[in-house]
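Let me begin by presenting the structure, written as structure tokens, before commenting on it.
For clarity, every value in this text was computed on a predicted model and none was experimentally measured.
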Amino acid sequence: MDVASPARTAAAPSPPKTTRPLLRWSVHAAWVLLLALATEFRVGRFGFHPSDQGFILAQAWRVLHGEVPHADIISARPLGSAVLHVADYALPMPLFFGSSFLSMIEIIVATIAFAALVTRRRVLAWGPGMTAMVAAASLINLNAFPLMAWHTVDGIALTACGAWALDAGLSSGRALARRGGLVLLGCAVFVKQSFALAAVIGVLWLALHPATRTGTRRAVRLVLDLLALGAPGLAYVAWVSLGGGFTEMVEQLTGGVPAYGERLLGLWLDDPEMLTKAPVRELSFFAAIAVVLLAVRLPGDRLGAAGRVASWVLVLAGAAAVVWTVVDGRFTGSSRWADVLWWIVAVSVPVNAAVRRKVPWAGLLVLATGFMTSLSWGNDTPTLLTGTLALTSLLLLSHLVPPRPRLARRWVTATTGLTAVAVCGWVVVARHDQAAYLDLGHDRLTEDLGAVSPAMAGIRTNPSTSRYVGQIRDCLDRFPAPRTAILPDNAFAYPAFGLRNPFPLEWPLPLEIVGDAPQRMLATTDALNREGGYLVLFQTVPTRLLATGGPVPAEVPADTPAFTYLGLETAIQARLTGRVVTCGSFVGKYAP
């Protein structure tokens, strides 16, 4: 199988050079930064929850202070994201605001990379219409997801950008771009196990691309390429091993609950009647259109004008099914619209391949990334790729219609793209305003957390969550200690207040308890008893209460039960020998 597009083979004429490339690159960089900044100002900074909004930043905080993954930090996933997000601490803006801003840039750049691969066109050759469509797809990719540092976002961005760079390097013969892309694909594996397929994609790409079968010293070049792909993994394993955590790494990375993508792959198997219900019914409609379109396009131009008209009608009907899937999804994870879009792309790929007589490998890449994205415990659907899935299906469809005048296409795509940006922006804002992630509606997010911590300046939340975070700040002022832990759902506090957590877990959720985590947590408790100099706070307010703006007590008795998942927090509380303290809604043990 040949994975190179004819548009990029040696026989095809080289595209005309774009004039003023620096100016065009500046324009593209500007719209990416402006869209990311506007999204952060209007959407990303509204809403906060103490649980996962800060989880990756807390792990990055540990890495920044020299702690070794798996040896000092227990994690069910490789800590590649923690390493990447050390960069968040260097941004010239408040930490949490800057981290969200950087995540939106990742989403936009990944969308650009996938679009460039599917269209087989250089970004500098894009017109305003295509650029606007990609911007709209970026907003759909965000949908109702919270803007925060997250390993799935990192995995998507590394896979997309790695494939983009690898393709550019293979097509142009530039070794630096080719090996840089392979390094990025190798990095994707170490942000989350589900992105291990990215490395397989890199190997297959090298093996099947015509550029790797030409030239001299092919064996040496292939060895160097494979070393570039494996370099991130070798560096990670060496780092962990030198830190004494190799055995723990193996136990932790293989000890979690597996995810197989059964929810995505079995979309309608449990209930075939779903094919007639929203939003899955759009898949049935699209599949029927695809079958007819295949019959019309396979004979080529032998059907004449009637075939061309029918092709246009069918393609427009298929595009309507894609658009209506997005509308029917309402930007919510519970409606399974992302799964439907994934299956629409799965139908589009073979239809495109049959009509054009070549495999649309970029479509296969998008499908593979969507599958990897769905391998999750909490969000087991490719929701973070919905915009790319929708845009890919539209582009694959557009390749099946007869050519049309360039001027008309530019006019239509420019108008459609700008309209899509406006509509998608409005829907994203409306969805987040209605209810931010684990927080209240926009009009009830009245408190700026910058009043509690400079690292959280600009982040707005409801009064209950603000009071809760403020109580942590008060506790730290009243009971200073060199080592502080706040259990269980408060990973944000460590980077927000500059705390050093003595325990090897940031967020002891049941699924995050892997390997010998309980024993190590209790062993740390014994060490704290021997050494002193600690403050361990236990929350008594369930985090789900904060999400609804429920009451946070100003003070609680010392015997108030701590909020716990598996009883581990209760065992630690009972085992600590420091004096009992209370402050706000927290109870704790303190040994100065």
Any chance you could measure [X], atom [atom1], to [Y], atom [atom2], to the nearest 0.5 Å?
{"X": "N352", "Y": "R297", "atom1": "CG", "atom2": "CZ", "answer": "11.0 Å"}
{"X": "N379", "Y": "T383", "atom1": "CG", "atom2": "OG1", "answer": "4.5 Å"}
{"X": "L546", "Y": "T461", "atom1": "CG", "atom2": "OG1", "answer": "8.0 Å"}
{"X": "W150", "Y": "I156", "atom1": "CH2", "atom2": "CD1", "answer": "13.0 Å"}
{"X": "E106", "Y": "L384", "atom1": "CD", "atom2": "CG", "answer": "11.0 Å"}
{"X": "L396", "Y": "I344", "atom1": "CG", "atom2": "CD1", "answer": "12.0 Å"}

Closest heavy-atom contact between [X] and [Y]?
{"X": "A165", "Y": "G181", "answer": "CB-CA, 3.7 Å"}
{"X": "V189", "Y": "P78", "answer": "O-CG, 4.1 Å"}
{"X": "A163", "Y": "L185", "answer": "N-CD2, 4.0 Å"}
{"X": "V191", "Y": "S81", "answer": "CB-OG, 3.5 Å"}
{"X": "V123", "Y": "H28", "answer": "O-NE2, 3.2 Å"}
{"X": "A144", "Y": "R431", "answer": "CB-CG, 3.6 Å"}

Whether [X] side chain and [Y] backbone form a donor-acceptor pair below 3.5 Å:
{"X": "H49", "Y": "T543", "value": "yes"}
{"X": "W343", "Y": "V280", "value": "no"}
{"X": "Y437", "Y": "H432", "value": "no"}
{"X": "D433", "Y": "H442", "value": "no"}
{"X": "E506", "Y": "F492", "value": "no"}
{"X": "T548", "Y": "L545", "value": "yes"}
{"X": "T388", "Y": "T111", "value": "no"}
{"X": "R45", "Y": "R42", "value": "no"}
{"X": "N143", "Y": "N141", "value": "yes"}

### Task
Before giving the answer on side chain to side chain contact (heavy atoms under 4.5 Å, CB included), spell out for T392 and S348 the whole-Å C-alpha distance, their side-chain angles and the decisive distance to 0.1 Å.
CA-CA 9 Å; T392 298; S348 302; over 6 Å; no
### Query
Can you list the steps and then say if D489 with W507 is a side-chain hydrogen bond (donor to acceptor under 3.5 Å, both in side chains)?
CA-CA 6 Å; D489 291 329; W507 191 18; 2.6 Å; yes
### Task
Step by step, work out the side-chain hydrogen bond (donor to acceptor under 3.5 Å, both in side chains) result for D380 and S374.
CA-CA 4 Å; D380 55 345; S374 72; over 6 Å; no
Side-chain contact, heavy-atom cut-off 4.5 Å: [X] with [Y]?
{"X": "S51", "Y": "L438", "value": "yes"}
{"X": "L57", "Y": "Y89", "value": "yes"}
{"X": "L265", "Y": "Y260", "value": "no"}
{"X": "W268", "Y": "D339", "value": "no"}
{"X": "S311", "Y": "L400", "value": "no"}
{"X": "L275", "Y": "L267", "value": "no"}
{"X": "C161", "Y": "V109", "value": "yes"}
{"X": "F286", "Y": "V322", "value": "yes"}

### Task
Would you please classify the geometry between the F96 ring and the F48 ring as parallel, tilted or perpendicular, with 30° and 60° separating the classes?
perpendicular
### Query
Just wondering, are more than 12 heavy atoms of other shown residues or ligands nearer than 6.0 Å to CH2 in W324?
no
### Message
For W377, is the CH2 atom crowded, meaning more than 12 foreign heavy atoms sit under 6.0 Å from it?
### Response
yes
Sidechain N-carboxylate O distance under 4.0 Å for [X], [Y]:
{"X": "D439", "Y": "R460", "value": "no"}
{"X": "E273", "Y": "R281", "value": "no"}
{"X": "D167", "Y": "R120", "value": "yes"}

### side chain to side chain contact (heavy atoms under 4.5 Å, CB included) assessment of M456 paired with V452
CA-CA 8 Å; M456 306 181 77; V452 182; 6.0 Å; no
#### Entry: Derivation of the salt bridge (charged side-chain N to carboxylate O under 4.0 Å, His left out) call for R77 and E512
CA-CA 9 Å; R77 291 164 293 275; E512 301 290 339; 2.9 Å; yes
### Centroid-centroid under 6.0 Å between F41 and F97 rings
yes
### Task
For this output row, return yes or no: ring centroids of W164 and F114 closer than 6.0 angstrom.
no
### Task
Quick one: list whatever passes salt bridge (Lys or Arg N to Asp or Glu O under 4.0 Å) with R444, sequence neighbours left out.
none
### Task
Apply ring pair (Phe, Tyr, Trp, His ring centres under 6.0 Å) to W342 and F371, showing your working.
CA-CA 8 Å; W342 188 89; F371 177 72; 7.1 Å; no
### Task
Any chance you could lay out the side chain to side chain contact (heavy atoms under 4.5 Å, CB included) test for M130 and L395, step after step, and finish with the verdict?
CA-CA 10 Å; M130 183 61 194; L395 291 172; 4.2 Å; yes
#### Entry: Test log, rule ring pair (Phe, Tyr, Trp, His ring centres under 6.0 Å), inputs W337 and F331
CA-CA 8 Å; W337 62 302; F331 284 21; 5.3 Å; yes
#### Entry: Criterion side-chain hydrogen bond (donor to acceptor under 3.5 Å, both in side chains) on D88 and S99, from CA distance to verdict
CA-CA 5 Å; D88 295 16; S99 182; 2.7 Å; yes
### Task
Please check if any side-chain donor atom of Y468 sits under 3.5 Å from a side-chain acceptor atom of N462, or the reverse.
no
### Check against side chain to side chain contact (heavy atoms under 4.5 Å, CB included), F101 and L147
CA-CA 8 Å; F101 169 64; L147 265 182; over 6 Å; no
